[in-house]
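Structure, as structure tokens:
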Amino acid sequence: MRHSLLLPALLAVAVSAGQAWAEDTTPARTESPAPSETVEPSPEPVVAEVPATRTADDGPQVIADSPTRPASDPPEEAQEDTFEDPEASSETQTAQTGEDDPSATPPPVTEAPAVIELPEDESVEDITASDTDLQRNEPDSEEANSQSATDDSLDTATEEAPVNDSGTASIEVIPETQPAQAQPFRLLSGEVLPGTTARLGWSPGIQIAGLSQPTPVLVVNGNKPGPALCMTGAVHGDELNGIEIIRRVIYDLDPAELSGTVVGIPIVNLQGFQQGSRYLADRRDLNRYFPGSEDGSLAHRIAHSLFEQVILNCDMLVDIHTGSLKRTNLPQLRADMDNPKVAELTKGFDAMVVVHSSGGAGMLRTAATEAGVPTVTMEVGESMRIQEDHISAGVNSLVSLMEKQGMTARLFQWGDPEPVYYQSHWIRANQGGILFSDVELGAYITEGTILGTVSDPITNEQSHIRADADGRVIGMAVDQVVMAGFAAYHLGSRADTEEQAE
């Protein structure tokens, strides 16, 4: 009974001793310590992807004993850790650690290479980036081309830049120039802004206050700077062609394209125009009283007001006239060719005859030129008539003048240059009667040519008017009753030199 009880106890003690001996003799497994956390083994072994082996020239390598990282990390950072099977035999574990065999030669320990971090902007030729890195770091082609073009331009600018005395490149900076701006045009106590048109009123202050009627003054102020051109018409109230010429020129202008200012007074002698008369209300010829005076006659006061308030505000003047009563003029300029500025002005009127005339005292042309405003007189046609051919010639010549002065820019067909007639004179009738002309205005004639015939209506006596020199008919009387000594034909003769004109 006692032996039967002791046998199970001895077996239990033997089993316990065997288990204790087994635990003491079993070697411990060596694991790589984790820097911050312990990696628990998965039920099934998971092997991380190992990067391809590189040569010694491939640059920095992967550290084998680095902590485990997710497989999604870049290939160069993947680890070589292999999770072991917990069921592995003790022999395998002993072979790895060598703790059970003290005499065994431990395997050589290979030190992991140190990680070399390159600066982001450092380029190493013997480090080959992977395709993934190339795709990640490759810039857009447009940005790369733009950057390359910028670099090339900078290199070119640096190469072409001049070198100063100190040896450094210097780049000349050209200051930006601003285009000249048009200014408001001030006239008659008013102001016309650039790029606009205006209709002002000029009043000489000679009428009854309650019956005063201002004379219209048309102004076109261009959007760009330039000279001021003034045009006057109907200084003699019965001369109508100039009125229509000014109207067409003014209303054909575009202020947005005009350089400078154009001032037009279609009807200077408003009193004479309303009465169909050449003269003022006091029977005086306004074109004999310029520049006028403040305390003179009616004509003096009107002339002074126009001259001071309008004419002196312009850079050049064209005074438009026609022939006097029952006379007609070929479209022409009357100009003092001894004045260089006036002579230069006449070059811009296209195909128009120029007659040298110094002008008489009291004429608007003479007074304005003496005051520093180059002036010419344009003669077109006859009084009390609207003549389309003459009006067209006057408009074309003024358009040509503005183009020559740089005020307008348009396609313009230039005609053949006309000669300058320095000598001109009138051929007169020798007896009274009815005049019948045999030539047309503008005709070229030779000495002795019959220009017209004066017939006596009672005696039937015929008297011929002959040319006394070669030239051209630049003015003539219309067919009418004439008296002896009547100026019938205005003959212009060409002079090649100033000496011939004297």
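Index from 1, following the sequence. Basis for what follows: all heavy atoms, side chains included, without hydrogens, waters or symmetry-related copies.
- Taking 4.5 Å as the limit, some side-chain heavy atom of M407 sits within range of a side-chain heavy atom of P227.
- The backbone N or O of D389 sits nowhere less than 3.5 Å from a side-chain atom of S392 that would complete a donor-acceptor pair.
- S493 is not listed as a side-chain neighbour of S424, based on a closest heavy-atom distance of 4.5 Å or more.
- Remark: E239 engages R278 in a salt bridge, criterion side-chain N to carboxylate O under 4.0 Å.
- The structure places CD of Q462 at 5.5 Å from CG of N460, a figure rounded to the nearest 0.5 Å.
- Residues L253 and M402 form a side-chain contact, since some pair of their non-hydrogen atoms from C-beta on lies under 4.5 Å apart.
- The nearest pair of heavy atoms linking S305 to W202 is OG-NE1, 2.8 Å.
- Closest non-hydrogen pair, L441 versus H390, comes out as CD2-CE1, 4.2 Å.
- Across all non-hydrogen atoms, the minimal contact from S437 to A477 is OG-O, 4.1 Å.
- Residues C230 and L317 have side chains in contact (heavy-atom distance under 4.5 Å, counting atoms from C-beta outward).
- Considering all non-hydrogen atoms of both residues, A467 and I445 come closest at CB-CD1, 3.4 Å.
- Contact annotation: the side chain of T232 approaches that of I311 to within less than 4.5 Å [non-hydrogen atoms, C-beta and beyond].
- Side-chain contact between V473 and L330: absent, with no pair of heavy atoms (C-beta onward) separated by less than 4.5 Å.
- With sequence neighbours excluded, no residue forms a ring pair (Phe, Tyr, Trp, His ring centres under 6.0 Å) with Y489.
- Within 6.0 Å of atom CZ in R288, more than 12 heavy atoms from other residues, nucleotides or ligands are found, so the atom counts as buried in its surroundings.
- Within the structure, the ring pair (Phe, Tyr, Trp, His ring centres under 6.0 Å) test picks out the following pairs touching residues 277-303 (sequence neighbours left out): Y289-H300.
- At distances below 3.5 Å, not a single donor-acceptor pair connects side-chain atoms of D336 with backbone N or O atoms of T366.
- The nearest pair of heavy atoms linking G433 to P457 is CA-CD, 4.4 Å.
- With D470 contributing its side chain and E447 its backbone, the two residues share a donor-acceptor pair below 3.5 Å.
- Salt bridge status for E344 with K341: absent, with no side-chain N to carboxylate O gap under 4.0 Å.
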- Message: Determine whether N269 and Q271 satisfy the following criterion, side-chain hydrogen bond (donor to acceptor under 3.5 Å, both in side chains), listing intermediate values before the conclusion.
- Response: CA-CA 5 Å; N269 183 0; Q271 294 177 351; over 6 Å; no
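- T459 contributes no side-chain N or O that, together with a main-chain N or O of D456, makes up a donor-acceptor pair within less than 3.5 Å.
- In this structure, R494 forms no cation-pi arrangement with Y444, as its terminal cationic atom is not both closer than 6.0 Å to the ring centre and no more than 45° off the ring axis.
- In plain terms, the two heavy atoms of A393 and M352 that are nearest each other are O-CE, 4.0 Å.
- Between the side chain of R334 and the main chain of V355, no donor-acceptor pair closer than 3.5 Å is present.
- Note: D479 CG to F436 CZ = 7.0 Å, rounded to the nearest 0.5 Å.
- Under the ring pair (Phe, Tyr, Trp, His ring centres under 6.0 Å) criterion, H236 pairs with H321, sequence neighbours left out.
- With a 4.5 Å cut-off on side-chain heavy atoms, I391 and V380 do not count as touching.
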- Task: Show your reasoning for whether side chain to side chain contact (heavy atoms under 4.5 Å, CB included) applies to M231 and I250.
- Result: CA-CA 10 Å; M231 301 177 295; I250 287 288; 4.0 Å; yes
- Message: As a quick check of understanding, evaluate side chain to side chain contact (heavy atoms under 4.5 Å, CB included) for L398 and I320, giving each step before the final call.
- Response: CA-CA 11 Å; L398 287 169; I320 307 176; 4.2 Å; yes
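- In this structure, P374 and N339 have side chains that are not in contact, with every pair of non-hydrogen atoms separated by 4.5 Å or more.
- E244 places no side-chain N or O within 3.5 Å of a backbone atom of I386 that could act as its donor or acceptor partner.
- In this structure a side-chain-to-backbone donor-acceptor pair under 3.5 Å is present from H356 to M337.
- A salt bridge links R248 and E388; the closest N-O separation between the charged side-chain nitrogens and carboxylate oxygens is under 4.0 Å.
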- Given T328 and M476, is the side chain to side chain contact (heavy atoms under 4.5 Å, CB included) satisfied, shown in steps? CA-CA 6 Å; T328 184; M476 60 185 292; 3.9 Å; yes
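- Distance alone, capped at 3.5 Å, is enough to place a donor-acceptor pair between the R301 side chain and the G296 backbone.
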- Item | Steps toward side chain to side chain contact (heavy atoms under 4.5 Å, CB included) verdict (L333, L345) | CA-CA 11 Å; L333 297 178; L345 181 63; over 6 Å; no
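- In this model, no donor atom of one side chain and acceptor atom of the other lie less than 3.5 Å apart for S400 and S397.
- Side-chain atoms of Q480 come within 3.5 Å of backbone N or O of K326 as a donor-acceptor pair.
- Among the candidates H490, E379, E382, the single residue satisfying the side-chain hydrogen bond (donor to acceptor under 3.5 Å, both in side chains) test with N329 is E379.
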